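Every heavy atom of this structure was used, including side-chain atoms; hydrogens, water molecules and symmetry mates were not. These numbers were taken from a predicted model, which means no experiment stands behind them.
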Amino acid sequence: MASINNPVRLVEICPVTPSSDSPESATELSLPLTFFDAFWFKFHPVERIFFYELTDSTPAFFNSVILPKLKQSLSLALLHFLPLAGKLTWPPHAAKPFIHYVPNDAVSLTIAESDGDFHHLSGRILEAAESYPYVPELPVYDDTAEIISFQITSFPSQGFCIGISSHHAILDGKSVTMFIRAWAHICKQWEKETHPSLLTDLTPIFDRTIIQDPEGVDEVYLNNWFNFFKSIGLDANPRSLKLLPFYGSTPDNLMRGTFEFSRDDLKKLRQKILSQLEKVPKEEPDQITPIHLSTFVLSYSYAVVSLVKAKGIERNRKMIFGFTADCRARLDPPVPANYFGNCVGISADDLEAEVIMEENGLAFVAQRLSKLIKKLEKGALEGAKGKLEWALSIPPGSVAAGVAGSPRFKVYEMDFGWGRPKKVEITSIDRTGSISMAESKDGSGGIEIGVALKNNEMEIFDLLFTNGLRDL
């Protein structure tokens, strides 16, 4: 039953198996984890919510049309992505954890109905906790872990939303959005074709042998995780699948906001940074020229500067910033673009808050980001062995801002047959402090970012972001 604090009523939790119309669903399979997967082994799930506005979505229409199509197309999509219906496991006989699928394995699908205000929930700024009832749980135990889970919630006469939780050790952003796109494609084509086929770019490649690891980086990462948990006095069992303990909760009084850069904003930001660079000393004699000012660098630099100022960080304190880079095209030999699994590496740096808050702080951040991107040309795996140990050495509570999502994922193109999303939100940034990124929902070539901040910080960020762009 719904309550004032939780307007969501649980209707049912049902398993969805891959379609039995094909013999492939009766095939048992196992997939090892690569070192890319092992890096994210104990990070918490990535959570997304897709909001679809549909004013004629009465309970009868939702239950007789929308829900059956979403369920059936999910089952058909899973047939192409069998590992998602399996589990992550680490039995006693295995040297390393792996993904295991057996026939009749299923993903969990929660069906719910909400009395909440759809327009408020899909709006620009709201209390972070208001979104949580729309995100499904992803069970993780000592010996097994679910890989992905879904929740479909109807808002009578307003629309519906799809919440997705995905295990970070199995799926990077490109992989999970590939699956969502495939599901949406099948759902949209289902009435036209009995078994809709997938285009090549939506057909996953699961072959793990194409990820080469001659130096055993996967074992290094698994040992890093074991030693880290042991160092904090938790979980001495090296085979446990339990996740990081201090990322499981979110601060009180947390707000989540969405902010947009238009193409014109980005053009003006580029001009501003170029003018500031003339006053910023080069950090090295061979400093990058020309500076790499992509839409990512422009929007992320501006967001970091606004974030540091909104948080009121002490001037002598360091701010850690960075991003994950898709390594598929950067490996030698390159990995196919539709490789399914983690294939991202982290690039990070830090700057003192004092430097970021200076008059030319925007250019300082852009210069450092440009330098990190340039380093990727030398090799996406440079220094890979020490990256997880470095990440785990960052003290809890440190000021850090990574990036979740990407404009390249085209999340606003995920049309299941009832139109494009009104809003796509990555709710897991509440735990990590990351800045979410997506393309502008109107397809105009701009950028949308999301941040999670305490109430007073959000008010300041909103003013800084809005007034700063207006005054460019």
Side-chain angles (χ1 to χ4, degrees), residues 10-32 45 50 61-89 91 98-112 136-141 143-154 160 162-167 170-171 175-208 338-341 414-418:
L10 176 65
V11 176
E12 91 176 290
I13 299 177
C14 58
V16 177
T17 59
S19 174
S20 58
D21 293 347
S22 169
E24 292 179 14
S25 64
T27 304
E28 181 177 350
L29 63 85
S30 295
L31 288 176
F50 292 75
F61 181 74
F62 177 80
N63 291 321
S64 63
V65 178
I66 296 177
L67 187 55
K69 285 187 69 174
L70 288 172
K71 279 185 175 181
Q72 182 63 27
S73 57
L74 176 58
S75 177
L76 290 169
L78 286 171
L79 186 60
H80 300 275
F81 295 80
L82 288 179
L84 292 187
K87 289 179 174 57
L88 176 63
T89 185
F98 60 93
I99 303 165
H100 190 213
Y101 167 81
V102 296
N104 296 319
D105 271 353
V107 299
S108 173
L109 173 62
T110 299
I111 310 300
E137 181 184 0
L138 189 71
V140 175
Y141 308 101
D143 54 352
T144 62
E146 301 293 327
I147 292 172
I148 197 166
S149 62
F150 305 90
Q151 179 172 324
I152 301 171
T153 306
S154 67
F160 66 94
I162 301 175
I164 301 169
S165 294
S166 56
H167 201 300
I170 313 301
L171 301 150
S175 292
V176 72
T177 50
M178 184 201 308
F179 173 76
I180 300 165
R181 191 181 302 279
W183 178 17
H185 171 78
I186 290 172
C187 187
K188 197 172 183 180
Q189 299 298 319
W190 183 40
E191 291 182 351
K192 301 176 184 177
E193 306 174 42
T194 307
H195 291 285
S197 57
L198 292 180
L199 300 174
T200 301
D201 63 334
L202 295 180
T203 303
I205 292 176
F206 297 110
D207 182 10
R208 293 303 198 258
N338 52 339
Y339 169 79
F340 195 86
M414 306 297 188
D415 181 356
F416 287 81
W418 299 281

Practice item. State whether the side chain of Thr153 and the backbone N or O of Ala112 hold a donor-acceptor pair below 3.5 Å, judged by distance alone. Key: no
Practice item. Could I get the full list of ring-ring contact (aromatic ring centres under 6.0 Å, His included) partners for Phe416, not counting sequence neighbours? Key: Tyr52, Trp183
Practice item. Verify side-chain contact (heavy atoms from CB on, under 4.5 Å) between Ile66 and Ile152, making sure each step is shown before the conclusion. Key: CA-CA 10 Å; Ile66 296 177; Ile152 301 171; 5.7 Å; no
Review point. Do Cys187 and Trp418 touch side chain to side chain, with heavy atoms closer than 4.5 Å?
Key: yes
Exercise for review: Report the residues that fulfil side-chain hydrogen bond (donor to acceptor under 3.5 Å, both in side chains) with Glu137, sequence neighbours left out, ordered by chain and then residue number.
Suggested key: none
Practice item. Taking side-chain contact (heavy atoms from CB on, under 4.5 Å) as the test, write out the residues that go with Asn104, two or more places apart. Key: none
Check your understanding: What are the two closest non-hydrogen atoms of Asp105 and Gly86, and how far apart are they?
Key -> OD2-CA, 3.7 Å
Point to revise | Leu78 side chain near Thr17 side chain, heavy-atom distance below 4.5 Å | key: no
Revision key, fill the gap. Hits for salt bridge (charged side-chain N to carboxylate O under 4.0 Å, His left out) against Asp415, two or more places apart or cross-chain, chain-then-number order -> Lys188
Check your understanding: So do the side chains of Arg208 and Ile99 get within less than 4.5 Å of each other, counting heavy atoms only?
Key -> yes
Review point. Counting only heavy atoms not in Tyr141, do more than 12 sit closer than 6.0 Å to its OH atom?
Key: no
Review point. Which pairs with one or both residues in residues 71-88 pass salt bridge (charged side-chain N to carboxylate O under 4.0 Å, His left out), sequence neighbours excluded?
Key: Glu12-Lys71, Lys87-Glu146
Study note, to complete from the structure: When Thr177, Leu171, Leu84 are each screened for side chain to side chain contact (heavy atoms under 4.5 Å, CB included) with Ser166, the one that passes is Leu171
Study note, to complete from the structure: Residue set satisfying side-chain hydrogen bond (donor to acceptor under 3.5 Å, both in side chains) with His100, at least two apart, ordered chain then number -> Glu28
**Study point:** For Phe81, ring-ring contact (aromatic ring centres under 6.0 Å, His included) partners two or more places apart
**Key:** Phe179, Phe340
Practice item. Not counting sequence neighbours, which residues clear side-chain contact (heavy atoms from CB on, under 4.5 Å) with Asp207? List them please. Key: Ile205, Thr209, Ile210
Review point. Got Val16 and Phe150 here, is their nearest side-chain heavy-atom distance under 4.5 Å?
Key: no
Study note, to complete from the structure: The side-chain contact (heavy atoms from CB on, under 4.5 Å) partners of Pro91 (sequence neighbours excluded) come to Thr89, His93, Ala94, Phe98
Check your understanding: In chain order, what residues pass the side-chain hydrogen bond (donor to acceptor under 3.5 Å, both in side chains) check against Ser175, with sequence neighbours excluded?
Key -> Asp172, Arg328
Check your understanding: Who passes side-chain contact (heavy atoms from CB on, under 4.5 Å) against Leu29, sequence neighbours left out?
Key -> Leu31, Leu82, Pro83, Tyr101
Exercise for review: Tell me, please, which residues at least two apart from Ser149 pass side-chain hydrogen bond (donor to acceptor under 3.5 Å, both in side chains).
Suggested key: none
Review point. Are side-chain heavy atoms of Ile162 and Ile180 found at a separation under 4.5 Å?
Key: no
